[in-house]
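Below: the structure, in structure tokens.
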Amino acid sequence: MLALIHGCRMNVLLRRLTVRNLFVCNDLFIFQLLNHKIKDKTFVNKLFSTSLELTIANPIVNKYLDYIMNEYKKGKHNSVLENIDLRVASHLLESRQLIIENIEALNEMIKQDPEMKKLADEEQSTYKAQLLELDNKLLDVILLNLGKQGYNDIVLEITAGVGGQEAMLFAAELFDMYLGYIYYLGFTHSIAEQDISSTGGIRHASILISGEAAFDKLKYEGGVHRVQRIPYTEKSGRVHTSTVSVAVLPQVSEIEVALDEKDLKIETKRASGAGGQHVNTTDSAVRILHIPTGIAVECQSDRSQLKNKETALTRLRTKIYEKQLNEQMASTSEMRRRQMGLGNRNEKIRTYNYNQDRITDHRISNGTLHNLKGFLQGGEALEDLQMRLQDDLQKNILLEAIKDVERSSK
Amino acid sequence: MIPLSFILRSRCRAALSGCAYNYLRVNIMPAARVKNFCRSSSVHNRTIGHLLDHWSRNFENDGISEPVESIEHIVAHVMGTKKILDLVNMRERELTKEEVEKLEMLCQCRLSRMPVQYIIGEWDFRDITLNLIPPVFIPRPETEILVDIVLKQLSSTQQEKCRILEIGCGSGAISLALAHSSDKVQSVAIDVNKHACNLTRSNCKNLGLDDRLTIINAALEKDGIIKILDDTENKIEFNREEFDFIVSNPPYVPTSKLSELAPEIKIYEDLRALDGGSDGLDVIKPLLRYAAKALKTDGSLFIEVDTSHPEYIVFFTKKYSDLKLKHLHTYKDFCNNDRFVQVLKFRDV
Ligand SMILES: C[S@@+](CC[C@H](N)C(=O)[O-])C[C@H]1O[C@@H](n2cnc3c(N)ncnc32)[C@H](O)[C@@H]1O
């Protein structure tokens with residue numbers, strides 16, 4: 001089996017994945033899992049991220065491709081085809097169909113005329129090689145859009161959690177990391193809010209980011225980030241654990257979440273006295289409270305009050321959208337939530353350990369990296385990790401799809 | 001007060017144009033702070049973080065309003081950015097000697113209570129940036145809402161073009177924001193102050209809106225007639241013209257309240273831009289009379305007013321029913337004050 005996997009051109013996206021527990025990964029085991037009503041998702045995630053090679057060498061993948069091909073042939077609208085870019089996939093599916101028919105025809109021929117076997121064998125192996133290549137391409141196409149939302153405008157919010165000033169200092173470091181990452185990716189940004197603590201840490205910050213598929217590039221950052229180190233202020237040299245939470249959401253348009261003026265309480269810091277011509281200040285901060293949900297946002301990034309109001313409204317809509325989505329998806333699978341970038345807000349996703357100079361991402365196995373300082377610059381290392389998380393997610397989605405096929409074919 | 005304001009103004013003008021007039025500041029600075037000030041001309045530490053801390057403390061000690069914001073905007077200006085939030089990530093950066101000199105000069109202006117908007121020479125109004133030169137009135141954020149109200153009305157009219165007159169354009173904030181936001185707008189703006197007209201003109205040019213706005217130096221007189229002051233300019237028959245909308249942020253502060261205003265306003269802004277006479281209605285009454293003549297039927301007058309004025313406007317339109325004006329709506333600002341009034345010119349019955 002090992003030889004087989006090495007022999008085939010492994011999918012680019014899957015190539016990064018480890019082959020550590022390859023031998024555990026026999027078909028029987030996988031089918032057991034598929035048929036089992038899986039309760040412990042973390043167990044499954046862990047297991048699959050270490051062990052399963054979703055390449056075409058795997059019969060269940062083959063079965064899945066067969067299924068897709070047949071559904072495509074039927075020409076019906078089918079949800080399994082929804083996420084697949086058919087403009088690219090359709091000719092692959094048609095060619096595949098043809099090759100399989102040819103193989104079947106050859107088999108038929110051999111049955112009738114054993115004399116031809118030698119000749120047919122040669123042809124047979126050519127077809128099989130073609131099929132292999134085709135299936136690889138097909139898998140590439142399928143994986144390409146899997147789990148991607150394609151939003152270009154997003155909001156990234158950083159909030160210091162437990163750990164007081166130390167958490168705020170780390171929030172500031174994460175903030176810098178994301179600015180570095182935004183720069184590295186060639187995205188644009190504007191800081192909507194930044195609440196600085198007395199020691200220069202960040203209580204809360206909000207960045208609006210725009211760039212090609214920005215959401216897919218940053219959604220894996222959502223969750224709780226944990227730092228373990230000796231705070232600069234700590235004299236006794238004791239290691240503290242502090243947390244910072246990060247939320248990533250697509251910016252929501254007026255159409256997606258309509259707000260009723262009556263539900264909004266807009267406040268400014270301008271003197272509540274006479275106002276108007278009586279006052280001249282530079283303060284243009286705006287705070288908006290959405291009365292029905294109790295969600296409040298603030299913005300002070302611009303010199304124009306109106307612009308601050310608009311930015312605040314964008315953030316407010318985003319927050320309301322998140323809330324609605326969370327309610328809607330309360331019953332949805334963990335993976336679907338992850339795909340939407342929702343994850344679990346309170347899930348500890350990553351630990352930054354200074355003593356050991358390591359970063360561990362808890363969502364994937366062997367998610368441990370070194371060179372903390374380099375990582376915090378928000379460059380290649382972060383992108384690499386993001387790609388691995390994406391691979392992992394895609395693989396899980398594919399697996400879920402396969403599972404569905406398995407179920408429905410029973 | 002007047003000589004002081006004169007001295008301060010001329011000194012700051014000098015600072016803004018790049019010459020140091022340091023001797024004057026000694027006159028108005030307590031001795032203790034002078035020492036502090038001199039010591040602090042920090043040759044040693046020119047990082048942004050240090051300068052921010054140092055000057056915000058200085059401003060605070062001197063009772064300057066918005067000490068932190070003031071220095072943040074000044075530093076941002078020196079660094080060539082509009083966003084003070086950008087500074088947070090620049091704290092370690094060091095300014096050049098020239099930059100520090102410029103910064104200190106601008107800070108002295110602030111110590112003399114010059115408004116930040118004049119010091120940095122510009123400010124944002126809605127989505128446009130306006131150059132601001134003393135003593136032309138600095139646009140207030142409330143007025144952004146007045147523009148919103150007019151824009152909303154504009155989007156609900158069927159007309160292709162909308163002819164708007166602004167009375168008292170100052171820096172051009174309202175007219176330029178309207179033209180910038182809606183292609184329908186074709187306007188005329190007048191101001192009694194020649195400097196205001198010139199500033200509006202240059203802002204108009206910077207925004208590339210020349211063909212959308214005509215600017216005329218003219219005064220709305222007590223009897224509700226507009227008199228052109230500069231006859232070399234465009235000829236518009238104001239007293240025969242008709243407009244779809246008239247919009248204005250007229251002077252509305254009662255004269256008795258002027259002395260209570262902050263030094264930033266009292267010393268540096270043209271008080272004729274704010275002084276609305278004994279009840280603050282000196283320009284509002286003529287505005288209503290002019291609007292009655294110059295508005296098309298179903299046209300609207302939009303004005304920003306003092307909180308006490310809407311009630312009077314209702315009374316006025318009822319009393320002078322021959323003007324065929326109707327108080328349509330009073331809108332609030334973000335502080336929940338009654339701030340804007342829409343008056344409708346209605347059809348003969
Ligand atoms: C409060 S400022 C408003 C400026 C500008 N529209 C704004 O909102 O920023 C009032 C302006 O009206 C002008 N003004 C005052 N009385 C006037 C009059 N009788 N006729 C024309 N303009 C007048 C002043 O020169 C000043 O520029």
Side-chain angles (χ1 to χ4, degrees), chain A residues 171-173 175-180 182-183 189-198 200-203 205-208 261 264-289 299-312, chain B residues 49 65-66 69-70 72-73 76 82-86 88-89 91 115-117 120 122-129 137-145 147-148 177 249-253 257-258 260-262 264-265 268-269 273-276 280 304-307 333-337 339-340:
Chain A
E173 282 165 73
F175 179 85
D176 286 345
M177 175 175 89
Y178 292 126
L179 288 190
I182 291 162
Y183 178 78
H189 76 280
S190 88
I191 300 163
E193 197 203 330
Q194 202 174 8
D195 185 357
I196 313 279
S197 76
S198 57
I202 289 180
R203 259 185 224 100
S206 169
I207 317 173
L208 306 187
E261 291 265 341
L264 303 177
K265 188 164 173 231
I266 301 177
E267 291 170 332
T268 63
K269 282 193 204 140
R270 259 173 89 74
S272 46
Q277 291 173 7
H278 298 262
V279 199
N280 176 33
T281 56
T282 58
D283 197 323
S284 53
V286 173
R287 199 184 113 94
I288 305 181
L289 171 70
C299 179
Q300 53 182 60
S301 65
D302 273 278
R303 299 192 299 208
S304 147
Q305 204 165 68
L306 185 96
K307 271 197 153 180
N308 284 336
K309 183 188 154 198
E310 278 170 4
T311 309
Chain B
S65 60
E66 305 188 289
E69 291 85 349
S70 295
E72 285 178 342
H73 283 294
K82 288 183 185 178
K83 295 203 168 195
I84 54 177
L85 284 180
D86 287 346
V88 182
N89 309 306
R91 283 186 70 92
V116 170
Q117 296 94 329
I120 66 172
E122 62 169 39
W123 202 249
D124 293 342
F125 182 79
R126 294 180 61 95
D127 43 6
I128 58 177
T129 301
F137 185 82
I138 298 166
R140 307 294 198 255
E142 280 87 348
T143 311
E144 294 183 322
I145 305 175
V147 174
D148 250 1
N249 174 17
Y252 59 68
V253 178
K257 294 268 171 66
L258 289 178
E260 296 166 18
L261 301 180
E264 278 81 357
I265 301 174
Y268 291 94
E269 288 193 299
L274 301 114
D275 186 352
E304 181 175 324
V305 295
D306 199 43
T307 28
D333 63 17
F334 289 148
C335 294
N336 217 27
N337 290 321
R339 182 64 69 200
F340 315 99

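All chains are named by letter (A, B, ...) in the order of the sequence lines, taking the proteins before the strands, and each is independently numbered beginning at 1. All values derive from a computational prediction rather than experimental measurement.
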Segment of [X] engaging chain B (4.5 angstrom heavy-atom cut-off):
X	result
A:Asn308	neither
A:Leu179	side chain
A:Ile266	both
A:Ser284	neither

Is B:Arg140 reaching over with its side chain to a backbone N or O of A:Val279, donor-acceptor style, under 3.5 angstrom? yes
Residue pair B:Asp127, A:Lys307: steps toward the side chain to side chain contact (heavy atoms under 4.5 Å, CB included) verdict: CA-CA 7 Å; B:Asp127 43 6; A:Lys307 271 197 153 180; 4.2 Å; yes
Interface moiety of [X] toward chain A, non-hydrogen atoms closer than 4.5 Å:
X	result
B:Ile138	side chain
B:Thr129	side chain
B:Asn249	both

When every non-hydrogen atom of B:Glu144 is compared with those of A:Leu306, the smallest separation belongs to OE1-N, 2.7 Å
Which atom pair, heavy atoms only, marks the closest approach of B:Tyr252 to A:Gly276? OH-CA, 3.4 Å
Can you name the side-chain hydrogen bond (donor to acceptor under 3.5 Å, both in side chains) partners of A:Lys265, sequence neighbours left out? A:Glu267
What is the distance from atom CD1 of A:Ile288 to atom CZ of B:Phe334, rounded to the nearest 0.5 Å? 7.5 Å
Quick one: pull up CD in A:Gln305 and CG in B:Asp124 and give me the separation to the nearest 0.5 Å. 12.5 Å
Atom NZ of residue position B:Lys257 - does it have more than 12 heavy atoms of other residues, nucleotides or ligands inside 6.0 Å? no
Quick check on the interface: out of B:Glu260, B:His73, B:Glu304, B:Arg339, who has the most heavy-atom pairs with chain A under 4.5 Å? B:Arg339
Most chain A-contacting option - heavy-atom pairs closer than 4.5 Å, from B:Glu69, B:Glu264, B:Arg126: B:Arg126
Are any non-hydrogen side-chain atoms of B:Ile84 and A:Gln300 less than 4.5 angstrom apart? no
Can a side-chain donor-acceptor contact be found between B:Asp306 and A:Gln277 if the only test is distance below 3.5 angstrom? no
Would you say B:Glu66 and A:Thr282 are linked by a side-chain donor-acceptor pair, where the criterion is simply a distance under 3.5 Å? yes
Considering only NZ, NE, NH1 and NH2 on the basic side and carboxylate oxygens on the acidic side, decide whether A:Arg303 and B:Glu122 come within less than 4.0 Å. yes
Walk me through whether A:Thr281 and B:Ser65 qualify under side chain to side chain contact (heavy atoms under 4.5 Å, CB included). CA-CA 8 Å; A:Thr281 56; B:Ser65 60; over 6 Å; no
